[in-house]
Structures are given as structure tokens and as C-alpha cells.
There are 2 protein chains.
Amino acid sequence: MADEQLTLGRFLCFAIYSANHAFNRVYKPLLDKLGLTYPQYLVMVILWEDDDQTVGRIGERLYLESSTLTPLLKRLEAAGYLRRERDMSDERQVRVRLTDSGRQLRGQAAVLPGCIIEASGLGIEKLQQLQGDVSRLRDALMTFGQDDEASGK
Amino acid sequence: MADEQLTLGRFLCFAIYSANHAFNRVYKPLLDKLGLTYPQYLVMVILWEDDDQTVGRIGERLYLESSTLTPLLKRLEAAGYLRRERDMSDERQVRVRLTDSGRQLRGQAAVLPGCIIEASGLGIEKLQQLQGDVSRLRDALMTFGQDDEASGK
DNA sequence: GCATATTGAGTTTTTTGCGATTTAATCGTG
DNA sequence: CACGATTAAATCGCAAAAAACTCAATATGC
């Protein structure tokens, strides 16, 4: 029973870990053409959905700290895809906005999700269900972490 | 239809990406006590299952290249958990073997999977099903990548 | 038996990611 | 208003991961 749990628990985390790698490998050649890395692509996706967000808000959605995002955003700024400007009314915040070049990239990136769906070899329903299950798992894991902090300290 | 695909494909990869992060965060405090990182833990798990493997074989099972594994294995060697020795009969290969200290670590790591199962908040059946689904997704993505190389080049 | 191809690890460099600390701006309270 | 507390982002230092490339050992073809 204990051994059974051992095996199961180990393998779900490994399945997620290796599936993440596999996604990376499929995305890599496609993203190379756009000059983006995978985390950079995720930031662009967020901005294509809602332009003009603060660093903190982007971090909330991607679960990343400012220490990770700041250099990443600077690289995207250097590539000409976005601008970083202090908010007028609250100068602690930095607002991130797409440039024309960044908006144009969206068209070129539009083929990506289709490629991924094809590569997954799964139907839309199954993909949708998996996305829901994995997202709920993530939320449970994150909640657990917070509980731990609250009770442990 | 095209837009629907866009959203789905994007979010499944993000669900996996963020779930992987969440696993990392849950594992981190537990692994810190053992002086291991998450990928280092995965290597140890493989060696606990089958000791005395080559770098290449470990890479096959974890889907990692030697460029990733070599530095990682050197750190584990420096920590005293394993030894790396050239194979006598084929000196291109390096055989990786646990030390006594590395074998002892298994006992301390035994609590981890239970913690992860608890953190996931899911039942054994659901975990098992998810593990299967995500593993199959990974295999499909990897097969696609290989097809791509074979036909594309 | 020798030249070439292939294989297996290692090296180098860039990006990612986190924790701890720092700086600057804003908020609250007296 | 002024003081300290809080917030947002940036910086620094570090470990890790991934890709491109190199190097050495073995295998293969002639």
C-alpha cells in the first residue's frame, strides 16, 4: 500500500515533468522562427489577450516572481516586442505594453496552437478535459503550499 | 473553430507548465532537507530502481541530454551520493553507481510520494488515470517530434 | 590496416528561476 | 506634515536547464 503510493505519486509528477519537456521540444523549432523562448511566448500570449498590464499582474498569471520577469521582459523589450514604462499615477508600478511589432507577431504565432493540437494526437474534448484536470491539480498543489506556510509558521 | 483550437492548445501547455512549477514548489522544502533538487531527485529515483547505469541510459529514461546530465551528476558525485567511472570495455561510456550514502538517502526520501499525494488532493484512481493520460500525451508529442525530424530533414 | 563515420560525454554559453536584499513610491497614523 | 510601514519592481548571487559545439573512443567500409 505504501509502496503503491510511492510509485503512483512519483510517476504523476514525472509524467507532468516530462510532458512539459515534450511540449518544449515541439514548440522550440516553431518559436525559434519567431525569436521567442517558451516563457517569453507565454508572456506574449498574456499580452495578446490583454495589453497594458503591470509586471506584478503578469507574474500572478504565470506564477513568476519579479526577479524572473524583469530580465525576461527586458529581453522582449530589446527585441522590440514591448515597452516598459512607469505608471504615471503610481510610479512603483511598471506597465508593459506591446509595440506594433509585438502585435504583428500574433499573426505569425497563430499557427502554433494548431500544430500543438496536431502533435498531441488527441481530440478537442480529451484535450479540454485534460487541461481542466491538470489545472485543478495545479491549484490543489498551490493551495497546499499556502496552507503549509500558514500553519507551519 | 480556429480560435477555439487556439485557446485549447495554448492552455493545455500552460496547465502542464504551471502544474510542473507547482510540483516543484511542493517538492522544494522536502528536497531541501535531503540536499537535492527536483531533477537530481529524479536521477536518484532511477538509480534506486536500477543501480549502475550509463549516462546515456539515464538520459533516455528522463528525456535529458548529456549536456544537462553531466553537470547534474557531477553535483551528485560531489555531494557523495554516487560515483562516475568510465566503463572498462567501452571507455566512451560512463557508468553511474550509488555510494552507501546514496543508498541510505532512499529511506529518507520514502516519505515524499505520500506528501505529494496528499498535496494533490486527488484519489488514487484519479491520480493513476491522470498519470496515464499525461504520459500518453508526452509520448504522442515526442513521436511527433521524431516524425518531424525524419520527414523534414 | 587505415580512413572515415558514429557514438557517448563533456564544455560553453544563454536563459530561466528563486531568495534575499535594495530602492523608490505610496499609504496610514499620530 | 512627518514618521514608519507597506508595496512594486529591480538587482545580485546562485543553481539549474537547454542548445550548440567539441573531443575522444569505438565501429565500419574499403
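In the text below, chain A, chain B and the rest are named by the order of the sequence lines, each starting its count at 1.
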Interatomic distance, [X] [atom1] vs [N] [atom2] [rounded to whole Å]:
X: B:Glu65; N: D:dT22; atom1: CD; atom2: P; result: 17 Å
X: A:Asp87; N: D:dT7; atom1: CG; atom2: P; result: 18 Å
X: B:Asn24; N: D:dA15; atom1: CG; atom2: P; result: 17 Å
X: B:Gln40; N: D:dA16; atom1: CD; atom2: C1'; result: 9 Å
X: B:Asp32; N: D:dA15; atom1: CG; atom2: P; result: 13 Å
X: A:Leu31; N: D:dA19; atom1: CG; atom2: P; result: 12 Å
X: B:Arg92; N: D:dA27; atom1: CZ; atom2: C1'; result: 7 Å
X: B:Leu72; N: D:dA18; atom1: CG; atom2: C1'; result: 13 Å

request  = Could you tell me from which nucleotide to which nucleotide of DNA chain C, 5' to 3', there is an atom under 4.0 Å from chain A heavy atoms?
outcome  = C:dT15 to C:dT26
query = Is any NZ, NE, NH1 or NH2 atom of the basic residue among B:Arg97 and B:Asp51 found under 4.0 Å from an Asp or Glu carboxylate oxygen of the other?
reply = no
query = Can we say A:Glu91 and A:Arg86 salt-bridge, meaning some charged N sits less than 4.0 Å from an Asp/Glu carboxylate O?
reply = no
key: From D:dT7, D:dA16, D:dA10, nucleotide with atom closest to A:Val94 side chain   = D:dA10
remark   = The residue, A:His21 or B:Asp90, whose nearest nucleotide of DNA chain D is more 5′ is A:His21
ask   = If you pin A:Arg75 and A:Glu91 to their nearest nucleotides in DNA chain C, which one's is more 5'?
value = A:Arg75
inquiry  = Heavy-atom nearest nucleotide on DNA chain C for A:Pro71 versus B:Arg57: which residue maps closer to 5'?
reply    = B:Arg57
task = Let me see the working for A:His21 and B:Asn20 under side chain to side chain contact (heavy atoms under 4.5 Å, CB included), right down to the final yes or no.
result = CA-CA 10 Å; A:His21 276 270; B:Asn20 188 47; over 6 Å; no
Students often get this wrong, so: under 4.0 angstrom with heavy atoms, is [X] touching a base, only sugar-phosphate, or nothing?
X: A:Tyr41; value: nothing
X: A:Ser67; value: base
X: B:Thr37; value: sugar-phosphate
X: A:Arg84; value: sugar-phosphate
X: B:Leu64; value: sugar-phosphate

task = Using a 4.5 Å cut-off on heavy atoms from C-beta on, say whether the side chain of B:Ser135 contacts that of A:Phe11.
result = no
inquiry  = So B:Thr99 and B:Arg103, do their side chains get closer than 4.5 Å, heavy atoms only?
reply    = no
inquiry  = D:dA9, OP1 or OP2 - any side-chain N/O from A:Arg86 closer than 4.0 Å?
reply    = no
ask   = So, is B:Lys28 close to the D:dA15 phosphate, meaning a side-chain N or O under 4.0 Å from OP1 or OP2?
value = no
query = ring-ring contact (aromatic ring centres under 6.0 Å, His included) with B:Tyr17: which of A:Phe23, A:Tyr38, A:Tyr63, A:Tyr41?
reply = A:Tyr38
Minimum heavy-atom distance between A:Gln40 and A:Gly35, given as atom pair plus value = OE1-O, 4.0 Å
ask   = Does B:Gln129 CD have over 12 foreign heavy atoms under 6.0 Å away?
value = yes
